[in-house]
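The first residue in the sequence is number 1, and the count goes up from there. Small disclaimer: the values here were computed from a predicted structure and weren't measured.
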Amino acid sequence: MTKHFFGDTAVLTRRSLRHITRSLDTIITTTIMPIAFMLLFVYVFGGAINSGSDSYVDYLLPGILLITIASGISYTAFRLFLDMKSGIFERFQSMPIARSSVLWAHVLTSLVANLISVVVVVLVALLMGFRSGAGAPAWLAVAGILILFTLALTWIAVIPGLSAKSVDGASAFSYPLIFLPFISSAFVPTATMPGPVRAFAEHQPVTSIVNAIRALFTQQPVSNDIWIALAWCIGILVIAYAFAMSIYRRKIS
């Protein structure tokens, strides 16, 4: 059964990836907004923001990477919604394939597409002056956090993809996720925020994830931030997966 699941997932993932390669504008569109934010904050607002860092692009990049992923997962919900409405799910149900492989194919496609977008954004940041003395272990740790974050948000995206009534409803859920980094330590230190806003910013998942990635990039001690970040990512992933699979079972029953 396990071999059956992995084989079916691989076949369906290749199908989804072919759709991505035929519409590269998806990845381009996903990267345009984060790059625009990075250009705006570094070259327009950066001079007026005291981040306590020698290079504002170094300070800013972790938050921009999370925004890149948050904007990219809306396409997962969009593609899943189209598959639901096209009747392809009914065709898959009539075939001898592992049912959960259909969802995992969309999730893995999202992971690949978002990692490509993240690499593009990092390359642009390098052109803008981003520098990191982090070694291979730190970069691998950053990659691991971003992969977990992507999986967690993608499984959240599966929920509206399965249950939305319209295309707009399927993709609009990502807007609050894109906005969340703005109320965190992604752009300015939380110490500069008024009391209630600061309390929210310091206790929401984006701040701990951003702080952990920033510490890894700058070769600073990550303290408890990395464990809090991992706990947030894994907790969201587990809960979103359970809800998504529950909705999926009801849809195909």
Residues pairing under salt bridge (charged side-chain N to carboxylate O under 4.0 Å, His left out) where one sits in residues 226-246, two or more places apart or in two chains, turn out to be none
Requested in this report: Check the pair Leu115 / Leu111 against side chain to side chain contact (heavy atoms under 4.5 Å, CB included), numbers first and verdict last.
Outcome: CA-CA 6 Å; Leu115 288 179; Leu111 182 61; 4.2 Å; yes
Rounded to the nearest 0.5 angstrom, the CG-CD distance for Asn211 and Gln220 is 12.0 Å
Across all chains, not counting sequence neighbours, the side chain to side chain contact (heavy atoms under 4.5 Å, CB included) partners of Val238 are Ile234
Checking side chain to side chain contact (heavy atoms under 4.5 Å, CB included) for the pair Val107/Thr76: CA distance, chi angles, key distance, verdict? CA-CA 7 Å; Val107 170; Thr76 302; 5.7 Å; no
So side chain to side chain donor-acceptor pair (under 3.5 Å) across residues 224-235, not counting sequence neighbours, yields none
Between the CG atom in Leu162 and the CZ atom in Arg249, the distance rounded to the nearest 0.5 Å is 12.0 Å
| query | In this structure, are over 12 heavy atoms from other groups packed under 6.0 Å from Phe78 atom CZ? | reply | no
Can you list, pair by pair, the side-chain donor-acceptor contacts under 3.5 Å of residues 134-160, counting residues two or more places apart and other chains?
unit_1 : atom_1 : unit_2 : atom_2 : d
Trp139 : NE1    : Ala134 : O      : 3.4
Thr150 : OG1    : Leu146 : O      : 2.7
Thr154 : OG1    : Ser110 : OG     : 2.9
Thr154 : OG1    : Thr150 : O      : 2.6

Output for pair (Leu80 CG, Leu103 CG), nearest 0.5 Å, gives 6.0 Å
Sequence neighbours excluded, the answer for side chain to side chain contact (heavy atoms under 4.5 Å, CB included) partners of Phe182 is Phe37, Phe41, Ile67, Phe179, Phe187
Tightest non-hydrogen contact, residues Pro205 and Ser208, listed as O-OG, 2.9 Å
Between Val57 and Gly129, the two heavy atoms sitting closest are CG1-C, 3.9 Å
Closest non-hydrogen atoms of Phe217 and Pro62, given as atom of the first, atom of the second and distance, are CD1-CG, 4.2 Å
Show your working on side chain to side chain contact (heavy atoms under 4.5 Å, CB included) between Leu66 and Val210 and close with a plain yes or no.
CA-CA 8 Å; Leu66 300 194; Val210 164; 3.7 Å; yes
Residue pairs passing the salt bridge (charged side-chain N to carboxylate O under 4.0 Å, His left out) test with at least one member in residues 180-202, sequence neighbours excluded, are Arg198-Glu202
| message | In this structure, would Leu39 and Val44 fall into the same cluster of hydrophobic residues linked by side-chain contacts under 4.5 Å? | response | yes
Residue pairs passing the ring pair (Phe, Tyr, Trp, His ring centres under 6.0 Å) test with at least one member in residues 191-212, sequence neighbours excluded, are none
Using the side chain to side chain contact (heavy atoms under 4.5 Å, CB included) rule, take Ile73 and Leu177 through it: C-alpha gap first, then chi angles, then the decisive distance, then the call. CA-CA 10 Å; Ile73 59 160; Leu177 300 178; 3.8 Å; yes
**Asked** Between the side chain of Thr68 and the main-chain N/O of Ser117, is any donor-acceptor distance below 3.5 Å?
**Response** no
Value for OG (Ser185) from CE (Met193), rounded to nearest 0.5 Å, stands at 7.5 Å
Check: Does Arg131 reach the side chain of Leu126, with side-chain heavy atoms less than 4.5 Å apart?
Finding: yes
Across all chains, not counting sequence neighbours, the side chain to side chain contact (heavy atoms under 4.5 Å, CB included) partners of Ile239 are Phe243
Taken to the nearest 0.5 Å, the spacing of Ser163 OG from Tyr248 OH works out to 14.5 Å
Residue set satisfying side chain to side chain contact (heavy atoms under 4.5 Å, CB included) with Ser184, at least two apart, ordered chain then number -> Pro181, Ala186, Gln204, Val206, Thr207
Interatomic distance, OH@Tyr241 vs CH2@Trp104, rounded to 0.5 Å, equals 6.0 Å
Sequence neighbours excluded, the answer for salt bridge (Lys or Arg N to Asp or Glu O under 4.0 Å) partners of Arg14 is none
Side chain to side chain donor-acceptor pair (under 3.5 Å) filter on Ser246, not counting sequence neighbours, yields Arg250
